[in-house]
Protein chains: 2
Amino acid sequence: MKATIITIGDEILIGQIVDTNSVAIAKKLNAIGITISEKLSIGDSRDAIIATLDRTIENSDVVVITGGLGPTKDDITKHTLAAYFGSELKYNDVEGEHVRMLLARRGIEFTELNRHQAMLPECCTVLHNAHGTAPGMWFDHNNKVVVSLPGVPFEMEHLMDDEVIPRLKTRFTLSDIVHRTMITRGIPESILAERISSWEESLPDYLHLAYLPAPNVVRLRLSAYDVDKQQATQRIEEEFAKLNAIIGDNIVGFEDATTERLVHDILIERGLKLAVAESCTGGTISAKFTAMAGASQYFMAGITSYSNAAKCDLLGVSMVDIECFGAVSEVVALEMAEGARRMAGADYAIATTGIAGPGGGSKQKPVGTVWMAIATPHGSRAVMRNSGTDRSQIISRASAYAIEMLYEELKKN
Amino acid sequence: MKATIITIGDEILIGQIVDTNSVAIAKKLNAIGITISEKLSIGDSRDAIIATLDRTIENSDVVVITGGLGPTKDDITKHTLAAYFGSELKYNDVEGEHVRMLLARRGIEFTELNRHQAMLPECCTVLHNAHGTAPGMWFDHNNKVVVSLPGVPFEMEHLMDDEVIPRLKTRFTLSDIVHRTMITRGIPESILAERISSWEESLPDYLHLAYLPAPNVVRLRLSAYDVDKQQATQRIEEEFAKLNAIIGDNIVGFEDATTERLVHDILIERGLKLAVAESCTGGTISAKFTAMAGASQYFMAGITSYSNAAKCDLLGVSMVDIECFGAVSEVVALEMAEGARRMAGADYAIATTGIAGPGGGSKQKPVGTVWMAIATPHGSRAVMRNSGTDRSQIISRASAYAIEMLYEELKKN
């Protein structure tokens with residue numbers, strides 16, 4: 001069973017927004033055994049929509065479209081679909097009342113444009129959008145299914161879960177898709193590929209191996225399409241067990257585990273507490289840990305000490321040291337980490353202080369200079385890394401380095 | 001001049017990664033006057049790559065491809081392109097030495113797989129990748145250009161900037177594309193559309209209007225393709241001036257300004273200082289402010305007081321109040337905001353405390369309950385909002401609400 005996902009909107013084609021809708025839709029379809037053969041984004045253009053529908057309906061069983069269902073003139077998806085399927089738009093009382101009620105609740109007048117949102121193609125099955133004013137539409141066409149959903153992510157997700165997925169399960173006989181990802185660290189992709197090449201060659205045809213490299217990490221994904229879930233999962237487990245015999249020391253996790261997730265698991269397992277002191281990373285490290293459910297078991301406090309006064313008052317950094325060595329220095333990084341560990345009553349603390357730019361750099365300490373420190377029950381240490389020239393890149397790399405430092409430290413003990 | 005962007009990789013089709021490459025490429029091409037007619041993602045499949053190339057070369061002047069250039073067996077883009085353009089792969093000494101040197105610097109052995117990365121189609125112009133081991137490739141084909149770039153974002157961006165964009169500018173005669181976005185607040189999309197309908201109808205044909213709604217905000221974008229930049233920009237300014245006469249009170253900014261950007265500008269303009277105390281949002285609010293260059297002018301400190309002890313020790317919250325009212329309460333939210341304001345010597349402080357879940361909810365305080373408080377020179381106040389049920393959504397909404405509160409407060413004074 002194959003699907004195509006189409007996202008409609010000029011804002012996608014000019015790079016004004018990042019398309020996350022198609023990611024969510026792909027995951028949900030994969031989870032019920034539907035393979036995505038293609039994802040594409042086109043503009044708010046009648047001709048583009050029609051040409052794309054012609055082609056993709058030919059190649060797939062299911063076409064899921066998002067976007068272009070708003071009340072304004074640039075939203076043309078609904079009209080185009082009605083014309084494409086040779087259907088008239090007709091006012092739908094139930095949806096009209098729903099829109100009126102939603103607006104009334106927010107104190108917004110019901111206008112002709114809103115009334116138009118309840119005008120729907122006669123030939124479609126209306127998918128009620130409990131969370132917004134644009135209903136979804138389901139078209140049955142030559143044994144294929146075309147679904148049109150609003151582009152607001154929250155509304156799209158609810159319509160997928162509540163309406164589209166249950167109907168697809170009823171409509172088609174679906175087999176399973178299984179993906180499992182193993183995370184390795186410390187072996188470069190090319191070396192890893194050589195070390196596991198005979199294992200790779202012995203894989204059954206229905207298991208597809210993908211290498212997903214990132215700095216210091218390579219993910220190995222095994223995928224099986226059109227299979228029995230239980231059997232495929234068991235076979236993948238067996239294959240992963242064989243890998244464990246070859247590269248066991250380098251396997252650090254499974255699925256979407258990140259370095260912060262590895263740290264999170266270790267801290268919880270060992271009952272250790274963490275504190276974070278951030279200057280240039282500005283709260284990013286704290287946000288990464290606290291994004292994970294269960295972080296409150298070990299995350300005591302994060303202190304974004306952006307001003308020098310905050311470094312002294314909140315972390316006990318010495319103002320004399322800031323004046324002597326500068327806020328971006330080994331001494332201050334160490335004092336920040338030690339201060340955070342002490343103030344928060346934590347076992348481990350990490351700290352960052354650097355020049356995120358674009359201003360504030362000097363010849364000796366150019367933009368991108370970041371000192372990172374770790375304070376542990378066994379002592380403290382600091383390292384300096386240059387993290388690039390772009391502010392957001394500097395913040396993201398410095399955060400990653402600092403978390404990496406903590407992970408390496410925890411692995412040692 | 002039209003382009004198609006193709007991203008290759010099964011990981012995109014199964015929703016394992018968010019495709020940001022095509023966003024960056026679209027922006028860069030738009031900036032030199034090339035329109036994107038379609039963006040698409042396909043799997044690591046020879047047949048899919050060939051069928052897609054056949055179709056898109058037909059419809060566009062430039063095709064930019066990313067992904068599938070790694071050293072392992074699942075990377076098939078290079079072989080497929082060589083076969084497609086009827087060319088043999090040949091070892092390229094310069095690129096081979098570059099790969100060898102890059103690996104040597106990282107202490108990695110140069111293997112047969114790495115050697116293979118320097119095997120390149122004879123018919124292409126090699127685009128040297130200073131930052132990675134996979135070179136880019138530029139194919140001239142029937143007056144069209146096909147470019148293949150590695151999928152690592154950082155390497156792709158450098159190759160676009162250093163190699164692809166300069167060559168496209170030389171190769172084609174390009175006109176301009178102009179996009180300008182105005183941000184409005186406080187008028188629902190349908191009401192806004194009615195209020196500006198006669199303005200909209202009087203727009204010249206070459207100016208395309210798009211409505212981009214978000215909670216409480218509607219962006220209006222005017223786009224002009226295939227124009228003279230200066231003239232089009234001037235006309236858009238004139239049209240925005242007319243809008244200013246109609247909805248001036250609701251215009252809050254331009255381009256990609258966010259609420260935190262509006263707050264940032266006001267704080268700098270008035271010389272005011274900010275502090276943030278976060279519990280459930282875990283550093284996200286601090287990270288949003290400090291992501292902006294110049295934040296050090298006003299951002300004093302952010303305190304992620306995750307534990308109760310941190311709330312007391314770092315913010316001066318009363319432990320008795322935590323015990324009486326709970327950490328997620330109006331009293332504690334107010335004490336957090338006031339404490340942050342006092343401890344950091346700030347003029348304004350905002351605070352969040354809530355239940356981000358999935359655990360920790362109760363009947364009285366279900367997951368998603370968030371108290372937000374603001375402390376100002378004129379007093380403090382707190383509000384409670386329910387922010388959904390999903391952890392990441394709760395964090396992101398609570399952060400947005402709190403920043404919104406601060407913005408509304410600053411607007412009043």
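Each chain gets a letter, A, B and so on, in the order the sequences are listed, and its residues count up from 1. What's counted below: heavy atoms across the whole structure, side chains too, no hydrogens, waters or symmetry copies.
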Legend entry - Per-residue contact mode, Q297(A) against chain B (heavy atom under 4.5 angstrom):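 Contact with chain B involves no heavy atom of Q297(A) at all.
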Legend entry - E200(A) vs R195(A), salt bridge (Lys or Arg N to Asp or Glu O under 4.0 Å): CA-CA, chis, key distance, verdict: CA-CA 10 Å; E200(A) 182 173 350; R195(A) 277 182 55 188; over 6 Å; no
Highest number of heavy-atom pairs under 4.5 Å with chain A: which of [options]?
options	result
E109(B), E194(B), R219(B)	E194(B)
A48(B), A293(B), A301(B)	A293(B)
S392(B), G359(B), S190(B), P213(B)	S190(B)
T72(B), T35(B), I17(B)	T72(B)
I191(B), D256(B), I395(B), I394(B)	I191(B)
G283(B), G302(B), S37(B)	G302(B)

Inset, instruction - Verify side chain to side chain contact (heavy atoms under 4.5 Å, CB included) between L40(A) and R55(A), making sure each step is shown before the conclusion. - result: CA-CA 12 Å; L40(A) 71 163; R55(A) 183 174 66 80; 3.5 Å; yes
Per-residue contact mode, [X] against chain A (heavy atom under 4.5 angstrom):
X	answer
Q117(B)	neither
I108(B)	side chain
D19(B)	backbone

Legend entry - Point-to-point distance, once rounded to the nearest 0.5 Å, from OG1 of T111(B) to CG of L192(A):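 Going from the OG1 atom of T111(B) to the CG atom of L192(A) covers 11.0 Å.
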Inset, instruction - Decide whether T352(B) and T281(B) meet the rule of one side-chain donor and one side-chain acceptor closer than 3.5 Å. - result: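 Looking only at side-chain atoms, T281(B) and T352(B) do form a donor-acceptor pair, the distance falling under 3.5 Å.
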Inset, instruction - For E157(A) and K27(A), run salt bridge (Lys or Arg N to Asp or Glu O under 4.0 Å): C-alpha distance rounded to whole Å, both residues' side-chain angles, the deciding distance at 0.1 Å, then the answer. - result: CA-CA 11 Å; E157(A) 295 231 17; K27(A) 276 189 196 164; over 6 Å; no
